[in-house]
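A short write-up of the structure that comes next.
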Amino acid sequence: MSQYAQSSDAAALVSTSPPRRARRKFNVMSIVGTTPMILTAVGVFVICIIFSFIWSFTNSKLFPNFNFVGMDQYNRLWASDRWRISVGNVFLFGVCSLVANMVFGYLLAVFMDQRIKQEDLFRSIFLYPFAMSLVVTGLVWQWMFDPNLGIQSAVRQLGWTDFQFAPLTNQATAIYGVVLGGVWNGVGVTMAILLAGLRGVDAEIWKAAKIDGIPAWRTYLFIVLPMMKGALLTAFILQCTGVVRVFDIVIAMTQGGPGVATQMPAIYVIQHITDRVNVGQGMAAACTMLLPVLAVIVLQGVLQWNAKRKKEKAI
Amino acid sequence: MTQHSVSIRDLSLNFGNVKVLEHLNLDIAQGEFIVLLGPSGCGKSTLLNCIAGLLDVSDGQIFIGGRNVTWEEPKDRGIGMVFQSYALYPQMTVERNLSFGLRVAGMKKDEIDKRVARAAEILQIGPLLQRKPVELSGGQRQRVAIGRALVRDVDVFLFDEPLSNLDAKLRSDLRVEIKRLHQRLKNTMIYVTHDQIEALTLADRIAVMKNGVIQQLSDPHTIYNKPVNLYVAGFIGSPQMNMLNGTLDGTTFTTDEGIAISAANYEFTTPVSGPTKAILGVRPEHIVLGEDARSMPFTLDVEIEIVEPMGSDTLAWTKIGGHPVTFRCNSDVDIKSGQKALIGFDAGRGSIFSVETTNRL
């Protein structure tokens, strides 16, 4: 967006008499075309976020009101054990699933890059989970982890009768079960993005590495991977947003349990707005959740700006 | 076989049903600069990739330094290679780019340092060693790419269109640089290009290729003055050789319009018996104008159609019979379009090709 703005500014500076009619026509058409999207963006995102922000400073209960109570909701939020555990959980969930997602995504992409037969088929298989709702994914994995239905009972029926594998029933391991389901769901997308990045690497780089006698795994790790910053960042940010708003898969797999072992901020928000009739508290939690998202966006902006500046400096 | 630096024996390469190279033979002497020249798709890059070991051959053998390397890994063949896109590792400094292959091979650090320092000195890239490729100009990047081949301390250098991504001025600068490098190092160099100027200026011998077959393998002077067939004659030279259609009978060439041209001075490579359909090729610079033309075996009064002053010399367009003909003359000569002029040439310096076989007669 900012790039367009800058380039048109530059164009305006350079051309002394811009072709006015052509420009106006273009503007009218583009405004007409994008009006529905502008309305949606402003209505749904901007206005709703503003109201959420305002209500987070009120003592709204069942219905939103405007009795302002200052920072009370935020103080109560951070005093709540449930919230603090949720934040800890989402942090653990985020780190684990991001690392696993990127690592396995890259490994799968490298695997797909070996000129294997039936590449299209495999790509579809790996991408397929993403086409499924996280609720479905969650349910499937809940069944797989169910001691009486899934992997544990299958292995026991094969003869290992004391085999134990039921991560979701244990407070210490439940969150890793959810991580596994989430990674299974999202790893295909990471693979697709990184595979496109891999294919974008100049074939002559590979030839040069071969002549230099650099083994394929080193080429993938030390030469090709750093060349794919764009694809990596895209995949990473996509997964980050997924982590912050993680909700449906947890609901489907554990409902936040056992106990509070897989409690997440998004669950906290929904529960306070609906079951606990405390809109103000829910809004405060929701606004707090916006902070990491903003941080990621700012980070991306800074990185892009930095890369652009470096490029300009090189020229 | 030992005296050859690189020997290619009966090499064939197929992609599926497409035959890219067919029974190709090529012997390259120690320290020779060979240029593989041809239009895109003629198989010249494919041949280079086969020598490098980046493509598996379908049939035949490749010897480098007397050793059969047909099935060896690229790194074990004793070659260095420079690519059109430079193919530098973008996130590494110049110094790392040069040394990475050696480090991976487990070479001692002081030996690596010595080699990098030598390459940097030869290519004058010392001040750039700590920079990254994005901070370099195209010419500097290509120097680094050459440096990466240099530190490998190999006998054979392969160049795959190394100057094609550079602008005209840099290209001619670096061309001289590569020639100087060859004179200093005396390595065997195999150089792929579609640019005939690069080929003519750099090569000890040029291999002109078409459809995976070497048409002519010879020194630049012979390639230019005695092309073996119509294809080589048309491909080399800018502007193109003038081609006149006609009939050859004994030593007299008669154009289709009935203009007789004596080819008494011509050295025939194959004896011609009886009238034969033939094409007479004359280089633009072999046609002379005005007083100088009177001493030539063949002269003709013509009307100048177009004059193109090119600075160092002038190109003029006219017609012999119905054929458009260009000739090159000194830029001081005052000629104008529409002017009548006398031109002349010696067919003995030209080339005569059989229409039937397209080969030189």
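The sequence lines fix the lettering, A, B, ..., with proteins before strands; numbering per chain opens at 1.
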Any side-chain to backbone donor/acceptor pair from A:Glu204 onto B:Ser85? Under 3.5 Å, distance only.
yes
Tell me whether B:Arg180 at atom CZ has more than 12 heavy atoms from other residues, nucleotides or ligands lying less than 6.0 Å away.
no
With rounding to the nearest 0.5 angstrom, report the CZ to CZ distance, A:Phe222 to B:Phe100.
6.5 Å
Kindly check if the number of other-residue, nucleotide or ligand heavy atoms within 6.0 Å of OH (A:Tyr176) is above 12?
no
Give, for atom CD1 of A:Ile214 and atom CZ of B:Arg103, the distance between the pair rounded to the nearest 0.5 Å.
11.5 Å
Which of the residues B:Gln84, B:Met92, B:Arg77 is involved in the greatest number of heavy-atom pairs with chain A at under 4.5 angstrom?
B:Gln84
Tabulate, in ascending numerical order, the residues of residues 42-53 of chain B having at least one heavy atom closer than 4.5 Å to a heavy atom of chain A, or enter 'none'.
B:Asn49, B:Ala52
Is B:Gln91 in contact with chain A via its backbone, its side chain, both, or neither, using a 4.5 Å heavy-atom distance?
side chain
Once rounded to the nearest 0.5 Å, what's the spacing between atom CG of A:Asp212 and atom NZ of B:Lys75?
11.5 Å
In Å and rounded to the nearest 0.5 Å, what is the CG to CD1 distance from B:Leu54 to A:Ile211?
4.5 Å
Given heavy-atom pairs under 4.5 angstrom as the criterion, report whether the side chain, backbone, both or neither of A:Ala203 touches chain B.
neither
A:Tyr128 OH: over 12 foreign heavy atoms closer than 6.0 Å
no
At what distance, to the nearest 0.5 angstrom, does OH of B:Tyr86 lie from CG of A:Asp202?
11.5 Å
More than 12 heavy atoms from other groups under 6.0 Å of CD on A:Glu119
yes
Could you look at B:Leu102 and say if it's the side chain, the backbone, both or neither that has a heavy atom under 4.5 Å from chain A?
neither
Between A:Lys210 and B:Pro74, what is the shortest heavy-atom contact and its length?
O-CB, 3.8 Å
Report the option among A:Lys229, A:Arg218, A:Lys207, A:Met227 that has the most heavy-atom pairs separated by less than 4.5 Å from atoms of chain B.
A:Lys207
